[in-house]
Amino acid sequence: MKKRVLSGVRATGKLHLGNYLGAVKGMMALQDDPQYETFYMVADLHTITTPYDPQELRKNRREIILDYLAAGLDPEKSIIFQQSEVPQHTELAFFFSSVTTIAKMQHLPTFKEKVKQYPEHATLALLNYPALMAADILAYKAELVPVGIDQEPHLEVAREIARRFNQDYGTDFPEPKRFKTVGEYIPSLTGEGKMSKSIEGSYINLSDNLETIKSKIAKIPTDSGKGTIHPAGKDTVYTSDAGTVSPGTGALMSFVHLFMGGDKRRELETQYETSGIRYGDVKKELSELIFAELAGFQGKRLELEANPEYVDLIIKKGNERARAAAENTIRDVKEKMGLL
Ligand code: ADP
Ligand code: TRP
């Protein structure tokens, strides 16, 4: 039997470059590997764990699927579906909540962040977010999960739940691992933290045109272009001659690394410590390379928008196939739990 893969994205808006490089690229690499059977969903149920608008949700859950298809997820190779259309996920999540402690969930960094963001919405659904995510993955006994590094704590919970269930009930859940991509952490354009839909000014949308990309990249807060660098490598700190540390320069260098290569980054770092960098030129070239990566996506997106019946059919078939696969797991679990 083929090994399984599952991933999902919440339906909170269109995909951005961070989602694409951190998650969708990994999804594509695995769908093209014949060793794997790939399940990719839009996590519409996770979307309702924080305040949302029903009209927006209806729209966004379709946007994510259009984005998936335009980016290159292939319905001939992957099962593409909507989480809420597969009720087995919520059923399994409830079973999983019986081995998940409140204390553990309250201490997760993702939970704390959301509570800080929405103090009036510290709900049971939010607390149960990781158990539902574990159910998404384990309903298919998926072993690999292509997601960005920020999702690692959730995967740790999924592994713990799998272990507990196997011990207590004799199930055979795998302990799912994260499938990493080179873009597992895309920085925010503001220079602070990661690129995220919920932070205005932090992201590049996959649908942005060249002008928009240029103006967003131009706004990355860089320094004078000359100074010292320490230490070399991942968490490099750039201190300009004025003595100010510029996180924006670090973010720009990460983008240079991803889109122009490690050699170009080293070349620029040498310039930073000697003659100085002219950011204008670098930013322009970088914007063009980012746009080149997205141009194919944008053409495909328009084609798909003009063909709603085709998209409906993919979703309908995907939902059916996912339900059939998840039902097998649920039956086994219920039997072992004494519910059948
Ligand atoms: P956002 O934080 O923008 O709301 P999501 O939480 O919906 O994004 O994430 C969807 C997927 O994209 C997840 O797999 C997540 O790990 C990945 N991802 C999100 N932001 C980034 C980023 N800046 N760099 C790499 N991967 C990311
Ligand atoms: N929590 C993920 C995010 O914020 C979305 C998600 C829900 C997911 N269920 C999943 C990702 C299962 C991978 C596997 O991006």
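Whatever order the structure lists them in is the order used to number ligands and atoms, beginning at 1.
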(message) Side-chain heavy atoms nearer than 4.5 Å, only ILVMFWY residues, links allowed to pass through others: does that put Val5 and Leu138 together?
(response) no
(message) If you apply the rule salt bridge (Lys or Arg N to Asp or Glu O under 4.0 Å), what do you find for Glu320 with Lys317, and how did you get there?
(response) CA-CA 5 Å; Glu320 280 164 10; Lys317 279 196 189 155; over 6 Å; no
With heavy-atom distances below 4.0 Å as the criterion, list the atoms of ligand 1 near [X].
X	value
Gly22	25 (C), 26 (N)
Val147	14 (O), 16 (O)
Glu184	24 (N), 25 (C), 26 (N)

Report yes if [X] has an N/O atom closer than 3.5 Å to an N/O atom of ligand 1; otherwise report no.
X	value
Met195	yes
Ser198	no
Ser196	yes

(message) Less than 4.0 Å is my threshold; does some heavy atom of Gly183 fall inside it relative to ligand 1?
(response) yes
Mind checking whether [X] contacts ligand 1 via backbone (N, CA, C, O), side chain (CB onward), both or neither, at a 4.0 Å heavy-atom cut-off?
X	result
Tyr185	backbone
Asp150	side chain
His16	side chain

Less than 3.5 Å apart, any donor N or O on the side chain of [X] or [Y] sitting next to an acceptor on the other?
X	Y	answer
Asp74	Gln31	no
Thr171	Asn166	yes
Asp150	Tyr185	no

(request) Among Arg4, Glu175, Lys3, find the residue that satisfies the side-chain contact (heavy atoms from CB on, under 4.5 Å) test when tested with Glu143. (result) Lys3
Once you restrict both partners to nitrogen or oxygen, which atoms of ligand 2 have a protein partner under 3.5 Å, and how far apart are they?
residue: ligand 2; atom: 1 (N); partner: Tyr129; partner atom: OH; Å: 2.7
residue: ligand 2; atom: 1 (N); partner: Gln151; partner atom: OE1; Å: 2.9
residue: ligand 2; atom: 4 (O); partner: Arg10; partner atom: NE; Å: 3.4
residue: ligand 2; atom: 4 (O); partner: Tyr129; partner atom: OH; Å: 3.1
residue: ligand 2; atom: 4 (O); partner: Gln151; partner atom: NE2; Å: 3.3
residue: ligand 2; atom: 9 (N); partner: Asp136; partner atom: OD2; Å: 2.7

(message) Before we go on, tell me: are the rings of Tyr140 and His89 under 6.0 Å apart, centre to centre?
(response)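 Between His89 and Tyr140, which both carry aromatic rings, the centre distance is below 6.0 Å.
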(message) I'd like to know if Arg301 and Glu305 make a salt bridge, using a cut-off of under 4.0 Å between side-chain N and carboxylate O.
(response)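 Counted as a salt bridge, because a side-chain N and a carboxylate O are separated by less than 4.0 Å.
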(request) Could I get the full list of salt bridge (Lys or Arg N to Asp or Glu O under 4.0 Å) partners for Lys264, not counting sequence neighbours? (result)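 Counting only residues at least two positions away or on another chain, Lys264 forms a salt bridge (Lys or Arg N to Asp or Glu O under 4.0 Å) with Glu267.
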(request) May I ask you to decide if the ring planes of Tyr129 and His46 are parallel, tilted or perpendicular, using 30° and 60° as cut-offs? (result)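 The rings of Tyr129 and His46 sit tilted, inter-plane angle from 30° to 60°.
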